[in-house]
Peer 1: 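Would you mind keeping the following structure in view while I ask a few things?
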Amino acid sequence: MSKWIIEDLEDGLRFSYKLNKILSSTQSEFQQVDVCETAPFGRVLIIDGLIQSSQLDEYVYHESLVHPAMLAHATGPKRVFIGGGGEGSTAREVLRHKSVEKCVMVDIDGAVVDFCKEHLPENAEAFKDSRLELIIDDCKIQLEKAEEKFDVIIMDLDDPLEDGPCYWLYCKEFYEMCKSKLNPGGILVTQASGAGVKQHHQVFAPVYNTLKQVFPAVKGYNQAVYSFADEWGFVIGYSDEACAKVDEETINKRIAERITGELEFLDGESYTGLFSLSKKVRKTLSEESRVLSKDAPAIFLSHMTGVSNYTKESTSTKQ
């Protein structure tokens, strides 16, 4: 007999995968956090019952989030701000850039950060890097009071869940404040939830349109992430329109010059592919009219419980 983790992706759709072992669990002030060993994905970090990253493919998500913005910066970013990113993988990718002199990472949930330090050894060096300043607090508060500006701001936040810690950090008022904290030529990028054929209208499209009200140039992109069972969306706002026009050859040149080590996912060709959205998604983005605000945010209506409370046993012989 085996146990299977079940994720409710939407009404009428469940995603299940075999659980080998729950390695550790904790309940923070904000979230239920589990690290598990699974059959298809290896070790996974699960928050509120949903996979946040997996040993198999976390590099796909984190390289897609971090490097398109970092590499689009004209001269190589020196100061970077990360909102969220408690597991440390986003900081790890930022710190691969030789130009980075300081990376400020602000996560509201210190229990999650400590938990990930203990259980995700692949990010140990990032947490030890002297260029990293880790602050446990609300990223909005820390960014508002920051005296020095940043070249790149990366929002690696939870999805905007009802009663969650992040739902209004996807709003116009917040993005306007972020823009005021960017140096000339600065860039903001945010994760923007599911962006596949069915889900892209929920968060991805309104976040894209909201950033268009703030930045002179905005681009949305997506990438299939196997462990998320969907394509995932990201949106970049550029304070300098020229930074939005970087070609494949330039990306390859900047990777070679700026980044320590070899990227597993991103190169010039895959960078170009990220921005090649389907006709359906492009149509949705062009027609989107919602502008997210504190009074009208994009909100998913439910959390899920932790893994230990959300598994089912199977007697199938195909285990």
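Atoms considered below: every heavy atom in the structure, side chains included; atoms not considered: hydrogens, waters and symmetry mates.
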Peer 1: May I ask you to decide whether Arg131 forms a salt bridge with Asp129, counting only side-chain N to carboxylate O separations under 4.0 Å?
Peer 2: yes
Peer 1: Under a 3.5 Å cutoff, is there a donor and acceptor pairing between the side chains of Asp156 and Tyr61?
Peer 2: yes
Peer 1: Between Glu10 and Lys198, does any side-chain N to carboxylate O distance fall below 4.0 Å?
Peer 2: yes
Peer 1: Which heavy atom of Leu277 sits nearest a heavy atom of Gly220, and at what distance?
Peer 2: CD1-O, 3.5 Å
Peer 1: Using a strict cut-off of less than 4.0 Å between a Lys/Arg side-chain nitrogen and an Asp/Glu carboxylate oxygen, indicate whether Asp8 and Arg14 qualify as a salt bridge.
Peer 2: yes
Peer 1: Taking Gln52 for its side chain and Leu50 for its backbone only, find out whether a donor-acceptor pair lies under 3.5 Å.
Peer 2: yes
Peer 1: Can you confirm whether the side chains of Asp34 and Gln32 place a donor and an acceptor under 3.5 Å from each other?
Peer 2: yes
Peer 1: One thing to verify: whether Arg254 and Glu257 come together as a salt bridge, which I'm taking to mean a side-chain N less than 4.0 angstrom from a carboxylate O.
Peer 2: no
Peer 1: When you measure from the centre of the six-membered ring of Trp4, is the NZ or CZ of Lys18 closer than 6.0 Å and no more than 45° off the axis?
Peer 2: no
Peer 1: For Lys78, look at atom NZ and say whether over 12 heavy atoms of other residues, nucleotides or ligands are found less than 6.0 Å away.
Peer 2: no
Peer 1: For the residue pair Phe41 and Tyr226, categorise the inter-ring angle as parallel (less than 30°), tilted (30 to 60°) or perpendicular (more than 60°).
Peer 2: perpendicular
Peer 1: How close do Ser99 and Gly76 get, heavy atom to heavy atom, and via which atoms?
Peer 2: OG-C, 3.4 Å
Peer 1: Output yes when Glu58 and Arg92 qualify as a salt bridge under the 4.0 Å nitrogen-oxygen rule, no when they do not.
Peer 2: yes
Peer 1: Strictly by modelled atom types, are Glu63 and His67 linked by a side-chain donor-acceptor pair under 3.5 Å?
Peer 2: no
Peer 1: Rounded to the nearest 0.5 Å, what separation is found between the CD1 atom of Ile47 and the CZ atom of Phe115?
Peer 2: 9.0 Å
Peer 1: Please say whether more than 12 non-hydrogen atoms of neighbouring residues, nucleotides or ligands are located less than 6.0 Å from CD in Glu287.
Peer 2: yes
Peer 1: Do Lys219 and Phe275 form a cation-pi contact, if we require the NZ or CZ to be under 6.0 Å from the six-membered ring centre and within 45 degrees of the ring's axis?
Peer 2: yes
Peer 1: Tell me yes or no: between the side chains of Asp109 and Gln31, is some donor less than 3.5 Å from an acceptor?
Peer 2: yes
Peer 1: Applying side chain to side chain contact (heavy atoms under 4.5 Å, CB included) between Asp151 and each of Glu101, Met70, His73, report the one that passes.
Peer 2: His73
Peer 1: Are Phe265 and Tyr59 an aromatic pair, judged by ring center distance below 6.0 Å?
Peer 2: no
Peer 1: Any ion pair linking Glu144 and Lys140 (charged N to carboxylate O, less than 4.0 Å)?
Peer 2: yes
Peer 1: Using a distance-only test with no angle check, is there a side-chain donor-acceptor pair under 3.5 angstrom linking Asn20 and Glu37?
Peer 2: no
Peer 1: Does NZ belonging to Lys283 count more than 12 external heavy atoms closer than 6.0 Å?
Peer 2: no
Peer 1: Does one side chain, of Gln142 or Asp137, offer a donor that lies under 3.5 Å from an acceptor on the other?
Peer 2: yes
Peer 1: Could you tell me whether the side chains of His201 and Thr284 share a donor-acceptor contact shorter than 3.5 Å?
Peer 2: no
Peer 1: Hey, are Arg43 and Glu122 close enough for a salt bridge, meaning a charged N less than 4.0 Å from a carboxylate O?
Peer 2: yes
Peer 1: For Gly110 and Ile136, which heavy atoms make the closest approach, and how far apart are they?
Peer 2: N-CG2, 3.5 Å
Peer 1: Just by distance, no angles: are the side chains of Glu7 and Tyr17 close enough, under 3.5 Å, to form a donor-acceptor pair?
Peer 2: yes
Peer 1: Kindly confirm or rule out a cation-pi arrangement of Lys117 over Phe127, judged by NZ or CZ under 6.0 Å from the six-membered ring centre and within 45° of its axis?
Peer 2: yes
Peer 1: Measure the CZ-OG1 distance between Phe174 and Thr190 for me, rounded to the nearest 0.5 Å.
Peer 2: 8.0 Å
Peer 1: Is there a donor in the side chain of Tyr170 and an acceptor in the side chain of Gln191, or the other way round, less than 3.5 Å apart?
Peer 2: yes
Peer 1: If you measure only the distance, is there a donor-acceptor pair under 3.5 Å linking the side chains of Glu87 and Ser53?
Peer 2: yes
